[in-house]
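Quick note on labels: first sequence line is chain A, next is B, and so on, each numbered from 1.
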2 protein chains.
Amino acid sequence: MPKVGRREEILNIACKLFSQKGYHGTTIRDISDACGILSGSLYAHINTKEDLLFEITDRGAQAFLESLRPIVESEATAEEKLKRALKAHIQVIEQNLEAATVFFHEWKALTNGRRDTIQEKRDQYEALWGRILSEGAAAGEFADLDEKFARLLILSVGNWLYQWYRPGGDLSAEEISERFADMMLKGFRVKKGEGKP
Amino acid sequence: MPKVGRREEILNIACKLFSQKGYHGTTIRDISDACGILSGSLYAHINTKEDLLFEITDRGAQAFLESLRPIVESEATAEEKLKRALKAHIQVIEQNLEAATVFFHEWKALTNGRRDTIQEKRDQYEALWGRILSEGAAAGEFADLDEKFARLLILSVGNWLYQWYRPGGDLSAEEISERFADMMLKGFRVKKGEGKP
DNA sequence: CCTACCGATCGGTAGG
DNA sequence: CCTACCGATCGGTAGG
């Protein structure tokens, strides 16, 4: 008889295995073994292996979208929004690194409409970032901004984070987002009259 | 009888398929079918499927290392090196997008010592980037640089490039590297006395 | 959730 | 490079 909460447990276990070995590198038996049940029994809870991947990535997409949208729609300067958005992004990764890894790394293993669904949500997410930049440019906060490349720069940072960020390090999400935001806002270069004495 | 150049052809085909469907998502029969031979015949040219993955990723690693090393060791300002390095990085991706995709996305599917070999080369590559930044900081070219995060910023851009860059677009490797480098050097923010009139 | 199983496919091999 | 094949494993199902 199915255990209550078993489905969530299966999702968590699948999430962990997919993040470690990839979707195609993980078998139904890897998952059922880790659950302590037989492979056939898994199908009392799911219909297909791909269901697991879709549910993990879709929840990931939702988490990112729902954390960014209120920030974009809030009243604040573009700089402030950029910092908050980066912090929120890191926090979503922090809260579930494994799901974030699957979301970023394995979503293309989805087929047909499900892949399209995730693609759409990714596009929406990128568009929200774009709004922060275009509003900042329109408000004169950003110096003749190349919006396309600024967006690519930020998304690169965000999309690569899961590869190196590990919770429990010496820097919090707040500190990391501050440093990246500062660097992108100010640039590396020494300004005139600001160099070494 | 084995055809001359067949091995290279197999590598190219495997590279393409791995980049599209992933290493574990690609079967030996996918590869042999695309070659127009039977699956067993593939083993006249290779020993294992993983050999293909290793050879593709190792060549990728070499290409990146060999293009960056002379730039780091040259005589130039850190700014100049940063721009040249970014351009070289994009050019390596440009020359073989599929191999770059496999290198960045599939290398973790390698096992044991082969994975370690690639990991080491990745570390070397990242260290070379680090040298550009630390030399720029030491020379006073960069404003109180947070070296670790500057390196992460640049590597994020570089490591994410294969996801969106497509050869034949309206911008050359030169132009793309210029824009990213400019943005990282100058920052987004409008400087005092530089805003809108 | 188990028992018992299925057809298909997997990476790979022996012998020519 | 083909013929012919192998044992193992794959995702998944029927019936309880």
Side-chain angles (χ1 to χ4, degrees), chain A residues 1-58 102 105-115, chain B residues 1-58 102 105-115:
Chain A
M1 206 172 296
K3 213 172 110 182
V4 263
R6 194 53 141 176
R7 195 184 153 84
E8 284 302 311
E9 194 193 336
I10 292 168
L11 276 166
N12 280 331
I13 287 169
C15 186
K16 183 177 176 182
L17 290 168
F18 290 168
S19 76
Q20 289 169 349
K21 318 204 297 174
Y23 174 69
H24 289 299
T26 304
T27 70
I28 277 297
R29 280 165 185 82
D30 288 336
I31 298 167
S32 58
D33 283 357
C35 279
I37 58 176
L38 292 177
S39 66
S41 307
L42 218 53
Y43 292 87
H45 305 280
I46 61 167
N47 290 318
T48 67
K49 185 187 170 191
E50 198 181 324
D51 284 0
L52 290 169
L53 181 60
F54 178 70
E55 203 152 327
I56 292 163
T57 49
D58 194 54
V102 176
H105 212 95
E106 301 296 328
W107 72 279
K108 284 195 177 175
L110 289 167
T111 59
N112 306 321
R114 290 164 138 184
R115 182 164 158 174
Chain B
M1 204 171 296
K3 211 172 110 181
V4 264
R6 194 54 142 175
R7 195 183 153 82
E8 284 302 313
E9 192 193 339
I10 292 168
L11 275 166
N12 280 331
I13 286 168
C15 187
K16 182 176 175 184
L17 291 168
F18 291 169
S19 76
Q20 289 170 349
K21 318 205 298 176
Y23 174 70
H24 289 300
T26 303
T27 72
I28 277 297
R29 281 167 185 82
D30 289 336
I31 298 168
S32 58
D33 283 356
C35 281
I37 58 177
L38 292 178
S39 66
S41 307
L42 217 53
Y43 291 88
H45 305 279
I46 62 166
N47 291 317
T48 66
K49 183 186 171 190
E50 197 183 324
D51 284 0
L52 291 169
L53 180 60
F54 179 70
E55 205 152 323
I56 292 163
T57 50
D58 194 53
V102 176
H105 212 96
E106 300 297 327
W107 72 279
K108 284 193 177 174
L110 289 167
T111 59
N112 307 320
R114 291 164 137 186
R115 182 164 158 172

Enumerate all atom pairs, one protein N or O and one N or O from nucleotides 14-16 of chain D, separated by less than 3.5 Å.
none

- Just do the side chain to side chain contact (heavy atoms under 4.5 Å, CB included) check on B:K16 and B:I13 with the steps written out, would you? CA-CA 5 Å; B:K16 182 176 175 184; B:I13 286 168; 5.7 Å; no
With 3.5 Å as the limit, what N/O pairs link the protein to nucleotides 7-11 of chain C?
unit_1	atom_1	unit_2	atom_2	d
C:dG11	OP1	B:K49	NZ	2.9
C:dG11	OP2	B:I28	N	2.8
C:dG11	N7	B:R29	NH1	2.9
C:dG11	O6	B:R29	NH2	2.9

- Note on the structure: In whole angstroms, the gap separating C1' of D:dT3 from CG of B:L42 amounts to 16 Å
Can you give each donor-acceptor pair under 3.5 Å made by side-chain atoms of residues 49-57 of chain A, sequence neighbours left out, with the distance rounded to 0.1 Å?
unit_1	atom_1	unit_2	atom_2	d
A:K49	NZ	A:Y23	O	3.1
A:K49	NZ	A:T26	O	2.8
A:E50	OE1	A:T111	OG1	3.0
A:E50	OE2	A:T111	N	3.0
A:E50	OE2	A:T111	OG1	3.0
A:D51	OD1	A:T48	OG1	3.1
A:D51	OD1	A:R114	NH1	3.3
A:D51	OD1	A:R114	NH2	2.4
A:D51	OD2	A:N47	N	3.3
A:D51	OD2	A:T48	N	3.4
A:E55	OE1	A:R7	NH2	2.4
A:E55	OE2	A:R7	NH2	3.3
A:E55	OE2	A:R59	NH2	3.2
A:T57	OG1	A:L53	O	2.8
A:T57	OG1	A:F54	O	3.1

- Item | Nearest-0.5 Å distance, CD1 of residue A:I28 to CG of residue A:L38 | 13.0 Å
- Message: Could you work out, with side-chain contact (heavy atoms from CB on, under 4.5 Å) as the rule, every residue matching A:S32, not counting sequence neighbours?
- Response: A:R29, A:I37, A:S39, A:L42
- In dot-bracket notation, what is the pairing pattern of DNA chain C, taking Watson-Crick (N1-N3 plus N6-O4 or O6-N4) and G-U wobble (N1-O2 and O6-N3) contacts under 3.5 Å, with [ ] crossing and | for other strands? ||||||||||||||||
- Could you check how far CG of B:L38 sits from P of D:dC5, rounded to whole Å? 14 Å
- Task: In whole angstrom, give the distance that lies between atom CD1 of A:I31 and atom P of D:dG12.
- Result: 10 Å
- dist B:K108:NZ -> A:Q20:CD (nearest 0.5 Å) comes out at 10.5 Å
- Message: Has B:H45 got a side-chain atom pairing as donor or acceptor with B:E8's backbone, closer than 3.5 angstrom?
- Response: no
- Task: Scan for salt bridge (charged side-chain N to carboxylate O under 4.0 Å, His left out) pairs involving residues 31-43 of chain A, sequence neighbours excluded, and state none if there are none.
- Result: none
- Quickly work out the A:N47 CG to D:dG12 P distance and round it to whole Å. 9 Å
- Message: Under the rule for side chain to side chain donor-acceptor pair (under 3.5 Å), what residues qualify as partners of B:T27, not counting sequence neighbours?
- Response: B:D30
- Step-by-step side chain to side chain contact (heavy atoms under 4.5 Å, CB included) determination, B:H105 to A:H105: CA-CA 8 Å; B:H105 212 96; A:H105 212 95; 3.3 Å; yes
- Item | Heavy-atom pair with the smallest gap, counting every atom of B:S19 and B:V102 | N-CG2, 3.6 Å
